[in-house]
Amino acid sequence: RRLYYFIYRLPHLLVVHTEKMKGELVQQFGVKPDRVVVMAHGVDEVPSEPAVPLPSPRLRVLLFGWLHHYKGVDQFLRAAALCAHPMDITIAGEAKDAAYAALVSTLVEALPAQHQVNWQRGFIEEARVRTLFEAADVVVLPYRHIDQSGVLFTAFRFGTPLIVTDVGAFKESLPAFAGMVSPTSEPSDLAAAVTAFVGQQPHFDRERIRAHAQSLSWPNTVKPLLKAYQHQAH
């Protein structure tokens, strides 16, 4: 912590993705507010012809990215055990921690029979990312803690609704038309969010989510940083 106190004083500017992150730099490390630029996380090109999954009696859930304890995949699996609505759960990503991988495997095996899990381990190539997101009814980010996540914005890009936990800037970044927020990563809260999502699923408009993603394209989100560079130049 002491080391970072000095490191944060070396650059002319510090760039963060959220106002909350800026606040923490100011409050915890004494960084002057005018030295911190908030540049929202951007979105890559939005596909012009998206695929939309056909209606299904089963909820198709995607958990995407490397599996780490803080990302809470284990918590979602515990939540799934509490849900009566049948789910097809895709876990796309590897767990580098052998103990955590074993825990996830144990929780998968213990799930009730109405749920099916497809764990796609290993690196997910870019060509498969679009297929995974467009085939899902919902992307779940059951994180225990985080500031911001690129997975959230990838879901926007493909019009996929989300269920997220109220950590970092997730709540502020997720419009009501794009998904639901669980107050914590506790299994009971996540299970309640899943149940609520199933009841309101038609409310989440994939085309509107994609339109929101367009407004978050990198050429738009980078503008505050460009403005700061221009100010520094003068």
Side-chain angles (χ1 to χ4, degrees), residues 1 3-46 62-73 75-76 93 129 133 138-186 189-190 193 204 208-232:
R1 190 178 188 86
L3 178 62
Y4 275 106
Y5 180 87
F6 292 103
I7 288 175
Y8 288 146
R9 278 155 180 74
L10 294 177
H12 289 99
L13 294 172
L14 295 167
V15 184
V16 297
H17 283 318
T18 70
E19 289 289 346
K20 181 178 180 180
M21 295 166 71
K22 177 178 179 176
E24 290 176 352
L25 284 174
V26 172
Q27 295 169 17
Q28 297 183 29
F29 295 95
V31 178
K32 293 182 179 180
D34 60 0
R35 291 185 55 242
V36 185
V37 179
V38 179
M39 187 191 83
H41 198 296
V43 175
D44 292 333
E45 183 180 358
V46 177
L62 175 62
L63 300 159
F64 184 85
W66 291 102
L67 275 65
H68 298 283
H69 179 264
Y70 75 89
K71 292 187 175 183
V73 169
Q75 292 290 75
F76 179 76
V129 172
F133 278 83
V138 63
V139 173
V140 180
L141 303 181
Y143 288 26
R144 290 177 165 92
H145 60 86
I146 197 155
D147 289 317
Q148 190 58 280
S149 171
V151 178
L152 179 95
F153 296 89
T154 302
F156 288 165
R157 181 186 176 200
F158 298 112
T160 315
L162 298 109
I163 296 173
V164 304
T165 48
D166 188 6
V167 295
F170 279 176
K171 186 175 183 178
E172 293 78 10
S173 302
L174 186 67
F177 60 79
M180 306 190 71
V181 180
S182 169
T184 74
S185 63
E186 288 301 309
D189 285 337
L190 286 168
F204 303 107
R208 189 176 180 187
I209 296 171
R210 283 166 26 83
H212 176 62
Q214 293 279 15
S215 71
L216 296 172
S217 65
W218 286 108
N220 288 331
T221 60
V222 79
K223 288 178 181 178
L225 182 57
L226 296 178
K227 183 177 180 181
Y229 283 161
Q230 291 166 356
H231 179 75
Q232 288 287 320

Undergrad: Closest approach of Val38 and Pro224, non-hydrogen atoms and distance?
TA: O-CB, 3.6 Å
Undergrad: What residue pairs, at least two apart or across chains, pass side-chain hydrogen bond (donor to acceptor under 3.5 Å, both in side chains) with a residue in residues 13-37?
TA: Arg1-Gln28
Undergrad: Do you know which two heavy atoms are closest between Tyr4 and Phe29, and how far apart they sit?
TA: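 In terms of heavy atoms, the two residues are closest at CB-CE2, 3.9 Å.
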Undergrad: If you take all heavy atoms of Phe64 and Val151, which pair is closest and at what distance?
TA: O-CG2, 3.9 Å
Undergrad: Could you tell me the separation between the CG atom of Leu225 and the CE atom of Met39, rounded to the nearest 0.5 Å?
TA: 6.0 Å
Undergrad: Does any non-hydrogen side-chain atom of Leu14 lie less than 4.5 Å from one of Tyr8?
TA: yes
Undergrad: Measure the spacing between CG of Leu141 and CZ of Phe170 and express it to the nearest 0.5 Å.
TA: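 Answer for the CG-CZ pair, Leu141 versus Phe170, is 5.0 Å.
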Undergrad: Please check if the side chain of Arg210 supplies one atom and the backbone of Val46 the other of a donor-acceptor pair under 3.5 Å.
TA: no
Undergrad: Output side-chain donor-acceptor pairs under 3.5 Å for residues 152-162, partner residues at least two apart or in another chain, one line each.
TA:
from, atom 1, to, atom 2, distance (Å)
Thr154, OG1, Gly150, O, 3.0
Arg157, NE, Glu45, O, 2.6
Arg157, NH2, Glu45, O, 3.3
Thr160, OG1, Phe133, O, 2.9
Thr160, OG1, Arg206, NH2, 3.4

Undergrad: Please report the shortest heavy-atom distance between Gly42 and Thr221, naming the atom on each side.
TA: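 Minimum heavy-atom separation between Gly42 and Thr221: CA-OG1, 3.6 Å.
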Undergrad: Applying side-chain contact (heavy atoms from CB on, under 4.5 Å), run through Tyr70 and Ile146 and close with a yes or a no.
TA: CA-CA 8 Å; Tyr70 75 89; Ile146 197 155; 3.8 Å; yes
Undergrad: Please walk me through it: do Trp218 and His41 pass side-chain contact (heavy atoms from CB on, under 4.5 Å)?
TA: CA-CA 8 Å; Trp218 286 108; His41 198 296; 3.9 Å; yes
Undergrad: Taking all non-hydrogen atoms of both residues into account, name the closest pair between Ala213 and Val43 and its distance.
TA: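 Heavy-atom minimum between the residues: O-CB, 3.8 Å.
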Undergrad: List the steps, then state whether side-chain contact (heavy atoms from CB on, under 4.5 Å) holds for Leu190 with Thr165.
TA: CA-CA 8 Å; Leu190 286 168; Thr165 48; 4.0 Å; yes
Undergrad: Can you give me the closest heavy-atom contact between Tyr229 and Leu13, atom names plus distance?
TA: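 Here Tyr229 and Leu13 meet closest at CD2-CD1, 4.4 Å.
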Undergrad: Just grab all the side-chain hydrogen bond (donor to acceptor under 3.5 Å, both in side chains) pairs involving residues 166-185, residues at least two apart or on different chains.
TA: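 Counting only pairs at least two positions apart or across chains, the side-chain hydrogen bond (donor to acceptor under 3.5 Å, both in side chains) contacts touching residues 166-185 are Gln148-Ser173, Thr184-Asp189.
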